[in-house]
Amino acid sequence: MISTLLDVLGAALLLLGLVLHTISLYGVLRLPTTYQQLHAQGLATGPGVIAILAASIATENAGIITFAVLAIVFVAITSPVSSHAIARAEHRRYRRRQRHADRLEQPRGEVSEE
Amino acid sequence: MVRHPDVIVRGVARLLLTPSIAVAAALLVKGYAEVGDGFSAGMIISLTISLQYVAMGTSATERTLPLLRFSPALVLGGLLLALATAFFPLAWGEPPLSHKPGPGESVPTVGTLELFTPLAFDVAILLLVVGVLTTILHQFANTEPEEEVR
Amino acid sequence: MTAVTVALALPWVAGVVLVGFDGRRPTVAWLAVAALLADLVALVVLAIDVFTDGSIQVVTGSWPVGVGIVLRADALGLTFALLSVFVLLIATTAEAINGVRLRTFPGLVVLLATGLNGLFLTRDVFNFYVFFELSMIVSYVLTAYGGRTRQLRAALVFTSVNLLGSFLFLLSVAGTYRVSGTLLMSDVADRMTEVPANAALLIALGFFVAFSVKVGLFPFHFWLPTVYAGTRPAVAAILSGAVANIGAYGLLRFGVEVFEPQLESAATVLIVLGAASIVYGALLAASRGDPAEMLAYSTIGQIGYVLVAIGVGGPIGLTAAVLYSVINGLNKTLLFISAGQRGRLVATAFAVGAFSVAGVPPAVGFVGKLEMFRTALAANSATLVVLLFVGSALSLIYLFQVYQHVFWLRSGPVGESAIGEAWHENSPLPLRALMLVLAFVVLGAGVWPEPLLALSDTAVDALLRR
Amino acid sequence: MNLAIAVTSSLLFGSGAYLLLQHELIRVTAGIMLISQSAVLMLIGSGLFRGGAPIAPTDGPVSDPVPQALALTALVIGLATVALLLALVSRVTTVFRSASRDELTTSEAEYERALADQRRLDRDEAT
Amino acid sequence: MSAAHGAEIREPRDGSRRRAPATDWLGWVACAVAAVGFGLFLLAWSADGFSVSAPWAPSLGLRLSFSLDGLGALYALLATGIGALVFAYGSRYLPLHLEHEHRPAGERWRFWPWMVLFAASMAGLALAQDLVLLFVFFDLTAICSYFLIGFDRDRHEARTAAIASLIITVASAVAMLIAAALFYGRYGTFSIPELARIAESESTTTAAAALLAVAALAKSAQTPLHFWLPRAMAAPTPVSAYLHSAAMVAAGVLVLGRVHPLLALSDGVLTALSVVGTVSIVVGGVLALGQDRLKQVLAYSTISQYGYMVLLYGIGGAAGNGAAAFYVLVHGVAKSALFMTAGAVTMATGEDRLSRLSGLRRRMPVLAVASGVAAATLAALPLTSGFFKDELFFKAAYAAGPWQTAVALLAASLTFAYIGRFWTRLFLGRERVADAVGGTAEITSSALLVAPVVVLAVVAVLTGVVVQPFAGLAEAAGNVSNGGGVELSPAYHLDARPENLLAVSAWALGGLLLVGRRLSIRASRWLAALGQRWGPRRGYVESLRGLSALSGIVHDREVRTLRNSIAVVLVPAAILVGLAFAFTPGKRSYVVGTVSGNDWLVIALLALVIIATVAVTRSRARLPLVLTLAVVGFALAAVYAFFSEPDVALVAVTVETMITLVFLVAMARLPRHRREGSGVPPTAPELPYADPARENPRNLLAGLAAGVGMFLALWGSLSHPAREPYVSTDLLTLTPVAHGKDAVTVIVTDFRGLDTLGEITVLVIAGVGVATLLRRGRLW
Amino acid sequence: MVRSFAKVVALTAIYLLALGQIQPGDILVGVLLAVLLVASARFIHSIPPTEGASPMGPALRRIAGLPALIGGTLVDIGRGSWTVAHYCLRKPPDAEPGTVTIPIGRSSPSSATTWGIRVGVSPDTVVVDVDERRGEMLLHVLDARDPDAVRADQRDSYERRQRRVFP
Amino acid sequence: MIAVPTVVLIPALIWMTLLLVGGGLVLIRARDAIRGLVALDMLAVLVISLLALLSYLRGQPYYFDAAVALSLLAFVSTVATARYLGSGGPFG
Ligand code: NA
Ligand code: NA
């Protein structure tokens with residue numbers, strides 16, 4: 001009973017993860033700016049992978065589940081950091097261009113508060 | 001350019017330092033039974049250390065982690081330990097890498113941790129890998145002053 | 001059995017310890033010399049055992065053969081090990097006298113001895129690769145010794161080309177495991193008979209190319225002149241006298257022991273390549289202005305002889321190959337180191353080396369030439385005889401041209417030739433004496449060639465008996 | 001599968017070789033890197049049997065452990081070589097002030113030109 | 001720089017320069033050694049010689065076998081006897097020479113040891129009974145002569161002469177080694193007496209004999225390999241005197257005499273000897289007629305004289321062999337005396353040309369007489385042993401046939417003419433030397449420079465009266481060469497026997513040539529000019545220059561296009577693979593393999609690897625290159641996971657990450673691409689850099705070839721997995737025994753722990769290497 | 001003391017999770033290792049962490065706030081995912097992506113880090129930069145038309161969830 | 001042993017592999033290094049997911065070690081590259 005429930009839950013999480021991954025990839029392909037791509041990418045690197053790792057509960061294999069928990073913790077901590085690092089690099093590049101280039105090239109459709 | 005440190009990366013680097021060592025220790029301990037060995041454990045620790053470099057920069061890292069200065073000693077000590085493990089059977093005329101306790105003898109264990117010479121070998125590898133990779137990063141990160149003049 | 005392990009463990013531990021100290025301090029350099037000497041002694045002890053009682057085998061971890069790695073000291077391996085360690089000893093002593101300028105040099109040389117010993121002892125194809133790589137990576141670093149532009153350029157060329165060779169070797173090891181299911185040389189040899197000709201030949205070819213790159217056989221030699229002329233003389237001596245032995249030994253060990261049918265089917269190609277090497281090396285050595293470069297091309301030519309001998313094969317050819325490798329190693333060490341020095345003793349030493357290369361008695365080279373001619377006659381090939389003849393005539397020309405120019409005309413070296421950097425108007429007396437000692441070895445071996453001949457005979461026996 | 005691995009491994013090798021021929025030293029290093037990958041893949045491909053992970057096998061076939069052990073060694077050696085090569089490249093670049101190999105070729109040719117005089121002297125010794 | 005060096009050396013060095021000592025004790029030691037040697041050999045020979053044989057290199061059947069037989073005794077006595085005289089002469093000559101050249105007295109250490117070794121190796125050669133031993137001593141004499149000819153190393157002609165003699169004689173000596181190998185291969189021994197016993201007349205023997213003859217002829221300076229000898233007169237006179245009479249050149253005919261039994265097995269070889277001898281007689285003799293320098297006259301004379309002996313060995317038989325032996329002896333005596341004469345004259349006058357010297361009889365009466373005797377000996381005048389040498393020569397030639405007789409006649413007349421010219425120009429006529437030296441210079445000659453000539457003259461005259469000692473020795477020597485049966489009975493016969501007629505004709509003809517010297521000199525000069533243009537010397541020089549030029553061309557090509565290219569490794573390797581592929585059966589060699597289950601996914605990942613690899617090669621900037629490399633790495637790690645290799649996958653991902661990091665740190669140290677100019681801040685992202693090699697289609701082809709070659713090799717081996725049993729199965733069963741569960745880790749730490757030990761050492765060395773390259777070996 | 005204890009527990013847990021075994025011996029080894037690490041962590045960092053800018057609450061209370069923090073973050077993730085997925089699949093014409101400066105006050109580094117991670121893990125917000133000294137965080141959001149709303153939103157989630165654990 | 005229905009797992013594995021391939025292609029086709037970096041970061045996560053799925057399929061935790069290692073430290077190279085892009089060197 002519980003097993004079936006877990007199976008269903010696992011399958012659902014798996015599907016969710018896959019869907020998120022797919023949308024994420026699609027977004028990265030489609031969206032024009034680095035920031036926007038980072039949002040799309042976050043779909044996979046955050047919730048997407050967490051969902052797939054969480055699907056491990058359906059395996060009812062203690063070894064796998066413990067690993068999954070560990071991986072979730074680490075992913076949750078690290079994936080925002082890499083997104084942030086990329087964003088920061090983009091930001092710096094942008095500011096540097098502003099400083100060095102004579103003409104300011106505003107990224108299309110972007111609003112900047114600075 | 002004003003260097004202004006990245007708090008998040010720094011924080012996470014600091015945050016991950018000890019957990020990754022714990023993971024590495026686990027990889028080492030279970031190495032004989034499961035995935036992992038001294039090498040992969042050493043790689044993980046080295047990567048954690050390099051994360052510190054990435055987060056804090058060379059000089060700050062080496063200031064905060066003065067133990068890093070002992071990396072060369074780690075390298076040579078690790079290799080010597082490995083050599084000792086490999087060649088100590090020579091003392092009683094056995095071929096190199098004859099581990100103790102040998103086949104058929106019982107191995108004292110603490111949980112998953114097996115106390116036998118392969119563990120020493122693995123530890124040696126771990127120390128060595130950490131030492132070598134840290135040294136290499138240090139080498140690349142620090143330019144020799146006289147060289148800059150040339 | 002212990003001796004095998006000691007021969008391996010001794011330089012290993014010593015090298016690791018020495019690498020940690022500043023090798024520019026004379027003590028450290030002389031400790032390295034002592035370590036090499038101790039290793040040489042261990043090898044001699046082992047050699048005495050092996051020559052009296054036959055091969056000695058050790059399997060790591062006391063596991064069954066094939067599960068554990070098999071180390072087997074036989075006459076062939078020991079011959080090469082003795083030669084290599086001797087060359088390393090001489091080169092390191094020379095450098096220690098001269099004053100080591102690189103912190104890590106002494107330790108690295110001792111580690112090189114480890115790599116070479118391992119390589120000559122192991123009977124496991126993959127373990128061979130590991131020791132091979134160990135030796136090579138030391139060589140890569142040593143090539144850059146000096147740190148000047150030429151050395152660096154040399155190191156870069158050497159490293160990239162030889163890395164290619166190493167990986168080629170590794171790919172061949174993978175292929176070998178795939179078709180034979182084992183890594184033990186003897187088992188591989190047994191299994192190879194079941195492998196289709198095509199696959200077996202291609203795998204063997206991979207090994208061949210890897211070793212050819214290592215020894216600098218035509219047309220895989222292009223890296224060699226820059227490197228040998230670019231590095232310090234001691235390093236050039238190490239490369240040509242010790243490291244290049246890997247290639248010759250590998251060709252013998254793999255060619256004869258593991259891939260015998262393939263070797264036979266490719267004999268013609270081997271002979272042709274060897275012949276081309278002889279001609280090319282001699283031709284290019286003939287007009288070089290830099291003694292080191294002349295010696296580098298000479299090395300290419302000399303390797304050709306070894307290859308021709310292996311190609312002809314049979315007891316005569318193989319004996320000639322072993323003998324010639326040993327002689328060549330001694331000659332080149334003597335020549336490379338003495339080319340960088342000046343003084344009457346050194347001039348004599350250089351001349352002895354030059355006579356040896358040219359096959360002029362009583363320097364030992366003539367024994368090698370004699371064996372080579374026997375080999376060529378055994379192959380029933382007048383062409384080969386003529387070729388060998390031309391080769392030795394040319395070697396006479398290029399060596400003595402330079403000898404006279406350098407030692408009689410007493411012109412100093414030019415440019416940033418590596419020999420130039422090590423050049424002394426008045427070399428330290430111990431260094432000159434060392435050269436003389438080496439020259440006496442070369443002469444002595446010619447005056448009483450029996451030990452060398454017996455050594456190579458036994459080595460080939462070991463190889464053919466398997 | 002044979003074919004797939006052979007194609008991939010040889011492509012890695014060929015591409016690595018092609019990169020080795022280029023002038024920029026970072027690309028040369030990348031070439032070595034690819035060749036090393038090629039060798040590891042080939043080692044893995046040379047496994048004689050496949051199945052589950054060779055860890056505490058209970059039933060069913062497992063994967064050949066030997067090539068895996070060899071691959072581990074090869075991976076480490078690859079890492080070591082690439083690090084060393086990069087250091088060499090870095091050093092060469094500092095000295096030559098260029099990360100391109102045609103500089104090296106040029107300087108080699110210059111050096112050889114400087115030897116012309118010595119070469120004449122050599123020849124004069126014999127004729 | 002080198003010029004400055006040279007100049008500096010020519011100047012006497014302060015402190016190192018000492019006054020040349022009046023007596024050169026080192027020379028006297030040498031002389032004593034030679035004299036003692038002579039005495040011992042004489043003693044031994046009078047006690048019927050001796051024979052020793054000891055194993056040398058049993059693996060090759062080499063023996064140290066020496067025997068003082070007739071031939072050995074003849075040459076050993078010649079070498080030591082003339083050696084003693086020449087050394088005595090030299091002990092005076094050398095200090096004068098060194099002083100003259102402003103060289104330190106210490107340089108005699110570069111002279112006398114070689115001289116003694118020269119004598120010793122000549123003696124060794126004389127006694128050697130083993131082909132390899134013969135070769136060894138043969139080359140030893142060449143080495144000695146090399147260093148002695150090059151003694152005046154500051155002089156260009158001395159150096160070129162030295163190397164020329166070395167190249168010609170040593171390279172041709174290799175023929176002897178080949179012959180030895182041939183004989184050994186055929187008959188299993190190097191021993192000459194044994195070979196003489198068992199060798200049969202066949203092609204191997206002919207070839208080997210011809211090779212032996214080549215080596216001997218080159219050494220004896222026979223046409224066309226004669227040109228090294230006249231140049232060798234650049235050596236100090238004692239060297240020339242020794243080299244021409246009893247050592248170097250004599251070694252050639254010694255070998256002919258020694259191996260004559262083997263040569264005699266082939267008529268072709270003997271005929272060839274006759275022809276070469278004849279040509280040398282004519283060429284040497286004619287050229288000697290026109291030479292101006294004293295030593296040149298004598299040098300060409302030597303060529304011609306040894307031509308006699310070669311011709312005699314070519315004629316062979318009892319008469320030929322015996323005559324040749326006798327001839328060597330007499331020629332040695334005469335020629336060394338003449339050379340010492342030339343040296344004494346030059347030393348006294350400072351002149352070395354016939355055209356600038358004449359009428360020295362008054363100033364140097366003793367020398368004039370003594371050298372006159374020597375000249376007469378060479379010219380075969382009666383009352384000197386020279387008469388008998390020609391008698392035996394004519395006898396053998398006459399017996400051999402008409403053209404040999406004609407040659408003998410011509411030879412003797414040429415000798416008469418040139419040696420007559422030499423002596424008469426020197427000592428007769430108006431005294432001219434005073435002009436040359438400046439009138440005031442005192443022409444004196446040290447007694448020690450004359451005494452050896454006198455001794456030799458006395459010997460020549462004595463043996464011209466009592467010929468028995470020489471005849472006996474020559475007989476014994478001829479017996480060795482001929483295998484016995486030689487009977488020499490030189491004597492004065494006052495009748496019209498052919499020998500006497502020929503002798504008289506020769507004197508007459510020689511006299512004519514001497515009188516008509518203008519014509520003969522013109523002929524000689526014409527031949528010399530011909531030789532200059534078409535002769536072997538020109539061939540030698542041109543081939544060396546050609547070699548050098550060719551070498552230069554090939555080398556330039558190598559430096560410019562090949563040296564820094566790795567394509568030169570790849571392409572030949574690929575060609576070899578192609579050859580191997582073409583020459584082995586291809587059928588059923590390649591198997592596509594099966595694809596099942598998640599293999600499809602592996603194939604998809606491999607496709608990614610392939611795409612990423614191609615992208616790596618195409619990426620223009622550094623960073624994308626590194627990122628794309630990471631794709632390759634990650635995809636491969638996934639492949640390893642699919643292959644159930646978690647350990648490898650784990651290490652692969654960590655290594656991949658680390659490599660990316662190392663790439664980044666290394667790249668941070670590299671300069672940005674050159675064309676970016678200086679206006680760009682250091683942190684600016686790099687611009688794409690057009691690598692010229694990237695566009696080069698040849699590189700693409702080379703890469704393609706490497707890939708295709710590798711593909712054939714890899715697919716070939718992947719198609720044939722080994723059959724069971726596998727060693728891996730053993731490893732899996734033994735894993736629990738080694739207290740482990742993960743077979744891979746157990747292999748890495750236990751079964752194949754030695755690999756791991758090596759691997760981590762490689763890692764350590766890489767770290768040390770990085771430190772060495774970047775921070776001069778400072779590890780931290 | 002409690003903090004150290006929490007660290008030991010966390011590290012032991014990580015060790016055991018990575019080991020995949022919970023035998024008593026393993027726990028012992030894990031605890032030993034954790035204690036060693038925690039002890040040496042103090043020793044290693046010769047520069048003491050620059051904390052203490054804001055007083056820390058009692059450790060136990062902070063731990064008690066953890067579930068809320070995690071749960072809230074999960075909710076944020078869910079919401080953010082929905083938004084981003086929408087945006088990816090059909091980019092609304094009216095959304096204007098851009099950066100917004102969020103005041104975070106002069107918080108401790110750990111707080112700033114936590115804030116960054118918490119915000120960053122949700123896909124709809126990307127942390128571009130954090131300036132401790134100015135107490136600002138630069139955030140990239142998909143719809144920056146109303147920066148104040150974004151700021152309020154962030155402030156709110158901080159107040160409700162994070163402050164208790166990482167002030 | 002296999003708890004999650006294979007019907008779901010195998011297509012999921014296939015799909016994930018394709019996504020990985022797609023991710024790789026995105027990286028390769030990236031217009032500049034930063035975009036490539038975005039894809040690289042994603043690639044690491046895709047590999048984590050793939051390893052997890054493989055682990056579920058085989059019912060063995062072994063593949064998770066690599067996944068944990070990746071989740072722990074794969075971002076190091078991303079951050080370092082970002083640093084390289086931002087300030088010319090990976091460190092600091
Ligand atoms: Na393991
Ligand atoms: Na995010």
Side-chain angles (χ1 to χ4, degrees), chain A residues 3 6-8 10-11 14-15 17-18 21-22 24-26 28-29 33-34 37-38 40-42 44-46 48-49 51-53 55-68 70-79 81-93 96, chain G residues 1-5 7-9 11-12 15-16 18-19 22-23 25-26 29-30 32-35 37-42 44-46 48-53 55-57 59-65 67-87:
Chain A
S3 177
L6 286 177
D7 276 5
V8 171
L14 207 58
L15 278 176
L18 284 178
H21 270 100
T22 314
S24 166
L25 191 61
Y26 175 72
V28 170
L29 266 174
T33 70
T34 309
Q37 285 185 350
L38 276 174
Q41 180 236 33
T45 60
V49 69
I52 285 192
L53 292 170
S56 64
I57 49 163
T59 61
E60 297 171 50
N61 179 324
I64 293 180
I65 294 171
T66 52
F67 272 126
L70 203 57
I72 287 173
V73 171
F74 287 145
V75 163
I77 294 174
T78 58
S79 76
V81 180
S82 41
S83 296
H84 155 67
I86 297 169
R88 195 167 188 253
E90 172 71 15
H91 181 59
R92 290 198 159 202
R93 187 170 70 165
R96 199 165 48 231
Chain G
M1 199 61 212
I2 298 167
V4 182
V7 240
V8 187
L9 255 179
W15 187 243
M16 192 54 77
L18 294 179
L19 284 180
L25 293 180
V26 170
R29 305 290 309 161
D32 60 27
I34 291 199
R35 312 270 166 101
L37 206 49
V38 174
L40 177 71
D41 192 41
M42 187 163 167
V45 163
L46 287 169
I48 296 174
S49 303
L50 192 70
L51 289 167
L53 290 180
S55 199
Y56 304 159
L57 182 71
Q60 290 174 321
Y62 309 131
Y63 307 93
F64 251 113
D65 284 280
V68 168
L70 269 180
S71 67
L72 191 57
L73 293 165
F75 84 113
V76 175
S77 57
T78 311
V79 176
T81 314
R83 279 292 160 84
Y84 178 84
L85 279 168
S87 48

Taking side chain as everything from C-beta outward and backbone as N, CA, C, O, which of these in [X] sits under 4.5 Å from a heavy atom of chain G? Side chain, backbone, both or neither.
X      : answer
V28(A) : side chain
A68(A) : both
T66(A) : neither
L29(A) : side chain

Report the distance from atom [atom1] of [X] to atom [atom2] of [Y], rounding to the nearest 0.5 Å.
X      : Y      : atom1 : atom2 : value
L57(G) : T59(A) : CG    : OG1   : 12.0 Å
Y56(G) : L53(A) : OH    : CG    : 5.0 Å
L70(A) : L72(G) : CG    : CG    : 8.0 Å
T22(A) : L18(G) : OG1   : CG    : 10.0 Å
L37(G) : I86(A) : CG    : CD1   : 4.0 Å

Could you tell me which non-hydrogen atom of [X] sits nearest to which non-hydrogen atom of [Y], and how far apart they are?
X      : Y      : result
A89(A) : A82(G) : CB-O, 3.5 Å
T78(G) : S82(A) : CG2-CB, 3.8 Å
A52(G) : I52(A) : CB-CG2, 4.3 Å
A71(A) : F64(G) : CB-CE2, 4.4 Å
T33(A) : R35(G) : CA-NH2, 4.1 Å
A44(A) : V45(G) : O-CG1, 3.6 Å

task: Tell me, with the steps shown, if E90(A) and V38(G) meet side chain to side chain contact (heavy atoms under 4.5 Å, CB included).
output: CA-CA 11 Å; E90(A) 172 71 15; V38(G) 174; over 6 Å; no

pair [X]-[Y]: side-chain heavy atoms closer than 4.5 Å:
X      : Y      : answer
Q41(A) : V26(G) : no
F75(G) : S79(A) : no
L14(A) : L53(G) : yes
L85(G) : R93(A) : no

task: Name all residues meeting the side chain to side chain donor-acceptor pair (under 3.5 Å) criterion together with S49(G); count only those two or more places apart in sequence or in a different chain, and write none if there are none.
output: H21(A)

message: Going by the rule salt bridge (Lys or Arg N to Asp or Glu O under 4.0 Å), which residues pair with D65(G) if we only count those two or more places apart in sequence or in a different chain?
response: K30(B)

field: Interchain contact, L70(G) with chain A, by part (heavy-atom threshold 4.5 Å)
entry: neither

- prompt: With a 4.5 angstrom heavy-atom cut-off, which part of A12(G) approaches chain A: side chain, backbone, both or neither?
  reply: both

